[in-house]
**Q** 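First the structure, which I've put down as structure tokens, then a few questions once you've had a look.
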Amino acid sequence: ADVKEVQMLHWWTSGGEAAALNVLKQDLSKEGFAWKDVPVAGGGGDAAMTALKAMVAAGTYPTASQMLGYTVLDYAQAGVMGDLTETAKKEGWDKSVPAALQKFSVYDGKWVAAPVNVHSVNWLWINKAVMDKIGGTQPKTFDDLIALLDKAKAAGVIPLALGGQNWQEATMFDSIVLSTGGPEFYKKAFNDLDEESLKSDTMKKSFDNLATIIKYVDPNFSGRDWNLATAMVIKGDALVQVMGDWAKGEFVAAKKTPDKDFLCYRFPGTEGSVVYNSDMFGMFNVPDDRKAAQVALATATLSKSFQSAFNVVKGSVPARTDVPDTDFDACGKKGIADLKAANEGGTLFGSLAQGYGAPPAIANAYKDVVSKFVHGQIKSSDEAVKQLVQAIDDAR
Amino acid sequence: MSTVATTDPVLTPAHSTAISLRGRLQDALPKIVLAPSFVITLVFVYGFIIWTAYLSFTNSKTFPSYALTGARAYQRLWRWTFESDPPSSWYTSITNMAIFGFLYVGICLALGLFLAILLDQKIRGEGLLRPIFLYPMALSFIVTGVAWKWFLDPGLGLEQTLHHFGWTSFHFDWIKNKDFVIYTVVIAGVWQASGFVMAMFLAGLRGIDGEIMKAAQIDGASPLQLYRRIVIPLLRPIFLSAFIVLAHMAIKSYDLVVALTSGGPGGSAWLPSNFMYEYTFKRNEMAVGSASAIIMLMTISAIIVPYLYSELKEKAR
Amino acid sequence: MSSVTASTVPSTAPLSQSGDSRNNNTRWIGRLAIYGLLTIFAILYLMPLFVMLVTSFKTMDEIQGGNMLALPQAPTFDPWIKAWGETCVGLTCAGIKGYFWNSIKMVVPAVAISTILGALNGYILTKWRFPGHTLVFGLMLFACFIPFQSVLLPMATILGSLGRFGVTLQNATGFNFGFGNSTVNLVFVHVVYGLGFTTLFFRNFYEAFPTELVRAAQVDGASFFQIFRRIMLPNSLPIIVVTVIYQFTNIWNDFLFASAYAGTGDSMPMTVALNNVVNTSTGVVEYNVNMAAAMIAAVPTLIVYILAGRYFVRGLMAGAVKG
Amino acid sequence: MAFLEISGLRKRFGAVDILKGIDLELEKGGFLVLVGPSGCGKSTLLNTIAGLETITSGDIRIDGRAINGLHPSKRDIAMVFQSYALYPNMTVAGNIAFGMEIRGVPKEERAKAIKQVSDMLQIGHLLDRKPSQLSGGQRQRVAMGRALVRNPQVFLFDEPLSNLDAKLRVDMRTEIKRLHQRMGTTFVYVTHDQIEAMTLATKIAVLKDGVLQQFGTPAEIYNSPANLFVADFMGSPAMNLLNATVENGAGGLQVSLERPNGAPLRLPVVAGNNGLSSYAGRQVIFGIRPEALTDPDGADRKARSLTEDDCLIEVVEPAGSDTFAVTKLGGKSVVARLRADAGIAPGQNTRLAFNLDKAVFFDPQSQLRIS
Amino acid sequence: MAFLEISGLRKRFGAVDILKGIDLELEKGGFLVLVGPSGCGKSTLLNTIAGLETITSGDIRIDGRAINGLHPSKRDIAMVFQSYALYPNMTVAGNIAFGMEIRGVPKEERAKAIKQVSDMLQIGHLLDRKPSQLSGGQRQRVAMGRALVRNPQVFLFDEPLSNLDAKLRVDMRTEIKRLHQRMGTTFVYVTHDQIEAMTLATKIAVLKDGVLQQFGTPAEIYNSPANLFVADFMGSPAMNLLNATVENGAGGLQVSLERPNGAPLRLPVVAGNNGLSSYAGRQVIFGIRPEALTDPDGADRKARSLTEDDCLIEVVEPAGSDTFAVTKLGGKSVVARLRADAGIAPGQNTRLAFNLDKAVFFDPQSQLRIS
Ligand SMILES: Nc1ncnc2c1ncn2[C@@H]1O[C@H](COP(=O)(O)OP(=O)(O)OP(=O)(O)O)[C@@H](O)[C@H]1O
Ligand SMILES: Nc1ncnc2c1ncn2[C@@H]1O[C@H](COP(=O)(O)OP(=O)(O)OP(=O)(O)O)[C@@H](O)[C@H]1O
Ligand SMILES: [Mg+2]
Ligand SMILES: [Mg+2]
């Protein structure tokens, strides 16, 4: 490969994301580095990770690859990641990047990845027109939420828009657990995988809450893509969706404005906490002559200008806490503030559903259980808790 | 033959070495030509199967690790094999495989043959119809999966359309139902592959000697009997080909399930290939993925080998 | 001739017509049933295509708002234009048109090589049998079932080593042998894993091929390869068509190997590009463009179907042997 | 009324006329043998009767019923194909029994029929083999067995004995004759074997290039060929056809034949051949069969007009039961059939006897027989 | 030294012995005709010579060189297959020229050769057709053309004329004979046609069930059959083989045959048949060919021992050139060949002449000829 070239494996192929990456590409080209695109979309990065594994097996490392959470650590453990500590020091990443993220971008004291953004998943997305019609207000507790959903139901609107795919269900459940058990509980159960918490009554209550809320979903939800669920809210067929902040992109694409056409609230009972996931650019152990390009990429990625430009488009918030929020919309501004607060207050938690709470084997086992519960293969919350403990134990 | 070879050089020593050298090369030529294919198969298929089998006894996670750690992966699979309430993903996969494999192969064979026979009746516009039945193969399932998903979705597709036209009692929500979702996979799978099976049978039909068909007609065979007694038995080798192709597609149907059902409600549409892919690449439990691959291969050989044996034995005489 | 027909037919018309017309009636009903069935099936098969086609001419608003099966209210060609020349595949936004060539460069050699090898293998396994031929065939056949997921990594390792070997070789000799070239790699992989099928197809077709013809050609002095080229191949058109259809489709549509071994822009095959257009993790999905792109991507395969279909000829072996 | 009626039958393949208006009538239980040069359309005619080829124009009736459009399986016909067309996937027994099976004949009955017909065809030991494991003649017999087990309205046989050895062929021929007499079924039979044609047929149809040349009983065809083609075609070795001049000689009408050396050969013609007298002084074609031209010792002593003369023998062909000698007459090679040990040698002058009772005469222009 | 030598040749298919030790020698330029009942192994023998079937044991040599392991394409052999085996994708011309093309014969030369051979086979007008568009006989001629254009060391013909009409067959036979004489190539030829066998062969091999019964010149085979099988097999209609008792009669040795009605028929035997005298008083099998048993008018007047007697005619079969009559003698049906218009009728007593010069005798136990 050409030494003045950045080979970048990623799965950001669609409109907004690609446009955002283009900013990076242009930043690099200003410094004289060419961008060699290796896009592999599909399955939320599954296909890309498969391709990456093949590349690593073949010994043809890309300069960098988009990666999620524990994957970075796996690759670092396998000894294929590069070392960006010098750059990190120079750029002061240690201070600006939240510690929760550093858990994944620093391995064995060495910076191996550059975080690009922080998504948070404990959001409610609400159609304002419908909200106004049924006279609802922002729900503050889980029960508020149920009351609101009841109102919608009475008005003949689908109360809750949900896509019946396991990651969507689990993502919603992340929020429910946080809301039901509080920050401490969430951390213990879903980040530390504490068995006692996992089989506690609080967890059972969480499942019961899930069972309650799932009743407000229309019967055809199974298998629905998340963006179709979002579309239901946009069109006013449904009142609310529980989804990560990437859903905002759909609203924006449909030319809707926050607070005017739609509302973004934290999931009731999770105010002050942020359940996050983050995209990272893992940096590979490339030959020395390609290092310069890699450093340039890492620097550009964590530059404030890029962080701002990218995240405005992506709907997420910057991965460093010192980026001004001027270009962000209302929801974005709220997100930045929340992240900052959570980081400082120690209430920034990795999303288990999104692979930031535990390694993929466990995260997927968790999704299995939630999904089976939602679709009735697991019939009671007792059973669900038992299954959850068992599945996580298996996958450890 | 062997006796001949020994007498050969004795009687005409002068020529025979040259002749037999060339003759031997000549004799060996078929084997020489076949050898690369065979060696490639041995290395890249059987070599890799052994590699996979090896991995299944290690503790490989994200990456292969080569320290043998015992049959833990198999123990887990074994336990999962009987976890039916709630069903483990593995249990779902293999039961789905049985349903899907049976229906998919069966319906594709039947429908493919049926269409081929229809098309073989000196049809005008055969050239137009053939690609219509074949084109589902050509389209990437990533996209056709979406189209099917909509089509089968009670809120978007067929059901809603029929309601729209006044047939409001029509109800078809298999794709949303954990007990029926696998049948929608069968439908889409059949739609995709039966055209190719048709093409295979059509090729077979075109190869049958017309005189034999005439003879059967003279013997008084009705068209039905003609096909049942003469044509279909003559297509036996094609059945073998079609069966292998379909069985392999059934076993490898991965994107079909994902694109159409995203795994189905609660993972109820999984097939073993989904399981394999999930564990090997998504869950980074390569040992389990490898073990499931080996078990799949063993199951296949338990089904295929006797079939192959009976099919090939007879011909070899 | 026509005058003769005209003069002879009337004399026998009354009787023959009564006989004929009854038979003609049943024949007519039969034909009608056949065409009817074929039409019904054609419609069923076309249904999903209809959904795709309709969608590809709709605007996004309409897709999100309306019935999937409804005709477009305001048909638009934009999705097609976009799919062809504007949509983004990763960061390159020039549509999918550029990726055809990558795929063709890979598919054509892979199909040709695997078909020819399969034909040769089938020829040998039926007409040049040797002890153990059944075992060899059985092994090649069972190879069809190997899950591609489990060959992905070891194959990558081997291809990687070959690539490094190629670099060394190139440095030493100054000549590029193609090792490590991702197109070459893909051709290789597809040939390896297509062989089982192509061999299967041809072997089972040649099983019924009259051995007398091979013998006659041998007596005529034809060599192993001459018999293959002059006698076997010309009489295998239908199975060649089937094999080409199968291989072309599978290789053209393969995503797993293509994404793993040739994901970079310069050699990215069509499917990876299409996948990148269609699949999105957290972005907006443009269904109309996706559908259009999928249909455009399938055009070469369709062309193959239509062209190859002409060689589904009947009666190839007629008149060859008695028996 | 005729059982099998073919009228104005025409068949073309693409631009080529293969059958050019065939008219035939065969009574129920008749045995029609089709003969003609290779490629003249015999198999095609059989195929049209069976319904395996469409008819371009014309009519085929069986028992008064036009069957033009009738499907082959409805015609109640059994056929032996020239190319056998055995079912390769079935055993010999399966091949033979298929037609009965289709008709729902009970198993025991089938077994009995198979046994009977396979014994007759001497293929009893082959019943479990597949066609690919049989010799050419065995295949042919299976093809015949497949037809013979059935009891159809019409049998169609396309050169069913061509690959059998002489002995077997005679046996089979006898069996066929017996079968025909016993069952009274109508047969249409293609053969190139003159003896088969003569012994089996109740009627012979001679075809040439898709045109019917003559249709009659074997004796008519052999003794009174309608034209030069039929005369030449039927009989083996063929009838000698020589240029001759009709003369009014001393003892009545006579024909004169040129000889290579010297005086023409003059042969008196039996009185009563009226047509010939009008040709006096003109050229005719004189036809005499080899068996009517023998060594005097072997000649028919009862013949009304037997003429002997010396001829120069050019070639001698011993053929076991006979010896054929070739001489030259009327500018042509003439074949005589002599006894096996007539003791002649090429280059010698040998006395030959001409049996003029058996001579026929043709008009050189119209090629038709003068009668 | 022999050109084609076959020694101890054995061939088995699976568990069945097909050829059971064949020994043959044929001189260069010889014409070997293989005859034998259907399924006796003729085609198999031809195939082993061509190298198309492997040999189980034994040796085949051409020109002193063992060719057992040699590839068919290297044997320099041309062959006509019983099943034709035409290349369906090639035209007639292509079929004929294929072998030459493979051998790199220039185009003009090929064209010339095609022209020549297709004229000879009368298929010149079919050169552009595909095999599927030909009649059976035309296909067979193409198969023959494919062999005849070549100039190999050995020609192998497997029933090459079986589907041709009698006239064409005679023409072809003559052409083959001419070709053989002109080229001096060695021929191995399978036929069921007795006349073909007799007229073409320099040597005939009679096979039965994979065992060579007799190998000799045509005259030897016809006149001195080695055993009952050969006697019975060669000749059409077959030789009459009757149970007889040898007696020392008044005029020397005589044989006595039973007759259905009354006194046995006594026939004096030509002196010099030494072997027979030791059988005096014992049963033998008396063989006489139909042509040696005729109406007295048609009998060979030169025969040394001609006996006439009345026989009861049971069946009469007119066959154009001859009439065959069946009578009963020695407990068996006996066929006599009479002149075409011998004027006999079934049920009548008719005088028949026995030509004892031509009689042969066999030992009933060993079935071998007594000489
Ligand atoms: N593949 C085979 N397996 C078993 N037996 C076979 C096979 N091929 C031929 N035979 C048997 O071998 C014997 C000899 O066959 P071959 O073809 O040589 O006979 P043939 O003398 O040519 O007879 P025909 O005159 O009928 O052509 C036959 O009895 C036949 O049934
Ligand atoms: N499909 C075809 N296309 C064109 N011509 C054909 C076709 N089939 C047969 N013919 C021609 O029709 C003529 C008659 O063929 P047919 O098979 O009836 O001859 P046949 O009398 O049976 O001859 P044989 O004695 O050689 O079998 C032949 O000259 C043949 O070449
Ligand atoms: Mg014919
Ligand atoms: Mg034979």
Side-chain angles (χ1 to χ4, degrees), chain B residues 29-31 33-34 37-38 40-41 44-45 48-49 51-52 115 118 121 127 129-135 137-140 142-144 147-148 150-151 156-157 160-161 196 199-200 202-203 206-207 209-210 237-238 240-241 244 248 251 273 276-277 280 290 293 297 300 304 308 312 315-316, chain C residues 34 37-38 41-42 45-46 48 51-52 67-69 117 120-121 124 128 130 134 136 138-141 143-147 149-151 154 192 195 200-201 204 207 224 238-239 241-242 245-246 249 253 271 274-275 278-279 290-291 294 297-298 301-302 305-306 309 312-315 317-318:
Chain B
L29 191 58
K31 284 178 222 165
V33 173
L34 186 65
S37 303
F38 187 57
I40 280 179
T41 308
F44 291 100
V45 175
F48 289 178
I49 289 179
W51 185 83
T52 308
L115 288 176
L118 285 186
Q121 307 301 316
L129 285 165
R130 224 187 305 102
I132 289 182
F133 296 133
L134 266 172
Y135 90 90
M137 279 260 292
L139 294 166
S140 165
I142 313 167
V143 180
T144 48
W148 267 105
W150 293 348
F151 186 71
L156 299 171
Q160 206 215 24
T161 310
F196 180 68
M200 293 178 77
L202 198 57
R206 297 287 149 91
D209 188 354
I238 308 287
L240 175 61
S241 298
I244 299 285
H248 125 95
I251 284 158
S273 60
M276 234 179 278
Y277 185 81
T280 311
S290 301
L297 279 175
I300 296 160
I304 298 279
L308 281 186
L312 299 179
K315 303 285 160 44
Chain C
I34 289 170
L37 276 171
L38 281 171
F41 275 107
Y45 274 71
L46 284 171
V51 174
M52 292 176 67
N67 185 317
M68 295 303 163
L69 288 169
L117 279 180
L120 271 172
N121 293 345
I124 293 165
W128 297 87
F130 48 88
T134 322
V136 169
L139 283 175
M140 295 190 71
L141 227 174
C144 295
F145 291 100
I146 189 167
Q149 290 97 335
S150 52
V151 303
V192 169
L195 263 183
L200 170 73
F201 293 153
N204 286 355
E207 186 71 33
F224 176 82
I239 206 67
V241 172
V242 164
I245 285 180
Y246 184 77
T249 311
N253 283 341
T271 13
L274 176 67
N275 175 67
V278 171
N279 263 320
N290 294 354
M291 302 290 171
T301 329
L302 266 178
Y305 292 172
I306 291 166
F312 265 112
V313 280
R314 187 194 304 276
M317 300 306 298

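Note that these values count all heavy atoms, side chains included, but never hydrogens, waters or copies made by symmetry. Here is how names work: the chains are called A, B, and so on, in the same order as the sequence lines, proteins then strands, and each is numbered from 1. Only a predicted model underlies this, so the values are computations on that prediction, with no experimental measurement involved.
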**Q** Which heavy atom of C/V51 sits nearest to which heavy atom of B/F151, and what is that distance?
**A**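 Heavy atoms of C/V51 and B/F151 come nearest at CG2-CD1, 3.9 Å.
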
**Q** Where on B/S290 is there a heavy atom nearer than 4.5 Å to chain C: the side chain, the backbone, both, or neither?
**A**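 Interface part for B/S290: neither.
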
**Q** Could you look at B/L118 and say if it's the side chain, the backbone, both or neither that has a heavy atom under 4.5 Å from chain C?
**A**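 When you check distances to chain C, atoms from both the backbone and side chain of B/L118 fall under 4.5 Å.
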
**Q** Please answer whether the main-chain N or O of C/V313 pairs with a side-chain N or O of B/R206 as donor and acceptor at a distance below 3.5 Å.
**A**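 No; zero donor-acceptor contacts below 3.5 Å.
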
**Q** Which region of B/M276, side chain (C-beta onward) or backbone (N, CA, C, O), has a non-hydrogen atom less than 4.5 Å from a non-hydrogen atom of chain C, or is it both or neither?
**A**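 Interface part for B/M276: side chain.
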
**Q** Taking C/L274, C/I239, C/V136, C/N290 one by one, which has the highest count of heavy-atom pairs under 4.5 Å against chain B?
**A**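 Between C/L274, C/I239, C/V136, C/N290, the count favours C/V136.
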
**Q** Mind checking what makes side chain to side chain donor-acceptor pair (under 3.5 Å) contact with C/T271, not counting sequence neighbours?
**A**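 Side chain to side chain donor-acceptor pair (under 3.5 Å) list for C/T271, sorted by chain: empty.
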
**Q** Shorter than 4.5 Å, heavy atoms on both sides: which option in B/I238, B/V33, B/L240 has the most such pairs with chain C?
**A**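 Max contact count across the listed options: B/V33.
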
**Q** Walk me through whether B/V143 and C/M52 qualify under side-chain contact (heavy atoms from CB on, under 4.5 Å).
**A** CA-CA 8 Å; B/V143 180; C/M52 292 176 67; 3.6 Å; yes

**Q** Could I get the full list of side chain to side chain donor-acceptor pair (under 3.5 Å) partners for C/N253, not counting sequence neighbours?
**A**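 Side chain to side chain donor-acceptor pair (under 3.5 Å) check on C/N253 returns nothing, list empty.
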
**Q** So for B/I304, is it side chain, backbone, both, or neither that comes closer than 4.5 Å to the heavy atoms of chain C?
**A**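 The side chain, not the backbone.
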
**Q** The test is side-chain contact (heavy atoms from CB on, under 4.5 Å); show your working for B/I300 and B/I251 and say whether it passes.
**A** CA-CA 9 Å; B/I300 296 160; B/I251 284 158; 3.3 Å; yes

**Q** Measuring from B/L134:CG to C/T249:OG1, what's the distance to the nearest 0.5 Å?
**A**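 Atom-to-atom, B/L134:CG and C/T249:OG1 are 7.5 Å apart.
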
**Q** Can you tell which part of C/L195 gets under 4.5 Å to a heavy atom of chain B, answering side chain, backbone, both or neither?
**A**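 Contact with chain B involves the side chain of C/L195 alone.
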
**Q** Taking C/P154, C/A298, C/A294, C/P238 one by one, which has the highest count of heavy-atom pairs under 4.5 Å against chain B?
**A**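 Answer, by heavy-atom pair count under 4.5 Å with chain B: C/P154.
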
**Q** Report the distance from atom OG1 of B/T41 to atom CE of C/M140, rounding to the nearest 0.5 Å.
**A**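 These two atoms lie 4.0 Å from each other.
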
**Q** Examine whether an atom of C/A297 lies under 4.5 Å from a heavy atom of chain B, and if so say whether it belongs to the side chain, the backbone or both; otherwise answer neither.
**A**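 No part of C/A297 comes within 4.5 Å of chain B.
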
**Q** What part of B/F196 gets within 4.5 angstrom of chain C, counting heavy atoms only: side chain, backbone, both, or neither?
**A**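 The side chain, not the backbone.
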
**Q** With only heavy atoms counted, which part of C/L139 is less than 4.5 Å from chain B, the side chain, the backbone, both or neither?
**A**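 When you check distances to chain B, atoms from both the backbone and side chain of C/L139 fall under 4.5 Å.
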
**Q** Which heavy atom in B/A138 sits nearest to a heavy atom in C/Y305, and how many Å separate them?
**A**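 B/A138 and C/Y305 have their closest heavy atoms at N-OH, 3.6 Å.
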
**Q** Under a 4.5 Å heavy-atom cutoff, which of B/K31, B/M200, B/Q121, B/R130 has the most pairs with chain C?
**A**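 With the most close heavy-atom pairs to chain C, the winner is B/R130.
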
**Q** Any idea which of C/I34, C/I306, C/L120, C/V241 has the most non-hydrogen atom pairs under 4.5 angstrom with chain B?
**A**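 Ranked by heavy-atom pairs under 4.5 Å with chain B, first place is C/I34.
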
**Q** Given that the side chain runs from C-beta out, which part of C/S150 has a heavy atom under 4.5 Å from chain B: side chain, backbone, both or neither?
**A**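 Interface part for C/S150: both.
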
**Q** What residue in B/Y277, B/W148, B/F133 has the most heavy-atom pairs under 4.5 Å with chain C?
**A**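 Top option by heavy-atom pairs under 4.5 Å: B/F133.
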
**Q** Does any heavy atom of chain C fall under 4.5 Å from the side chain of B/L202, the backbone, both, or neither of them?
**A**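 Both parts, backbone and side chain.
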
**Q** Looking at C/F145, C/F201, C/W128, C/F224, which one has more heavy-atom pairs under 4.5 Å with chain B than the rest?
**A**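 Top option by heavy-atom pairs under 4.5 Å: C/F145.
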
**Q** Between C/F41 and B/L129, does a side-chain contact (heavy atoms from CB on, under 4.5 Å) hold up when you go through it step by step?
**A** CA-CA 10 Å; C/F41 275 107; B/L129 285 165; over 6 Å; no

**Q** Distance-only, no hydrogens or angles: does the B/Y135 side chain make a donor-acceptor pair with backbone N or O of C/Y45 under 3.5 Å?
**A**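 Flag set: sc B/Y135 to bb C/Y45 pair under 3.5 Å.
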
**Q** Measure B/S273 against the heavy atoms of chain C and call it side chain, backbone, both or neither at under 4.5 Å.
**A**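 Both backbone and side chain of B/S273 come within 4.5 Å of chain C.
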
**Q** Below 4.5 Å from any heavy atom of chain B, which atoms of C/I146 appear? Answer side chain, backbone, both or neither.
**A**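 The answer is both parts of C/I146.
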
**Q** For C/C144 and B/H248, work out which heavy atoms get closest and say how close.
**A**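 Looking at all heavy atoms of both residues, the shortest contact is O-ND1, 3.5 Å.
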
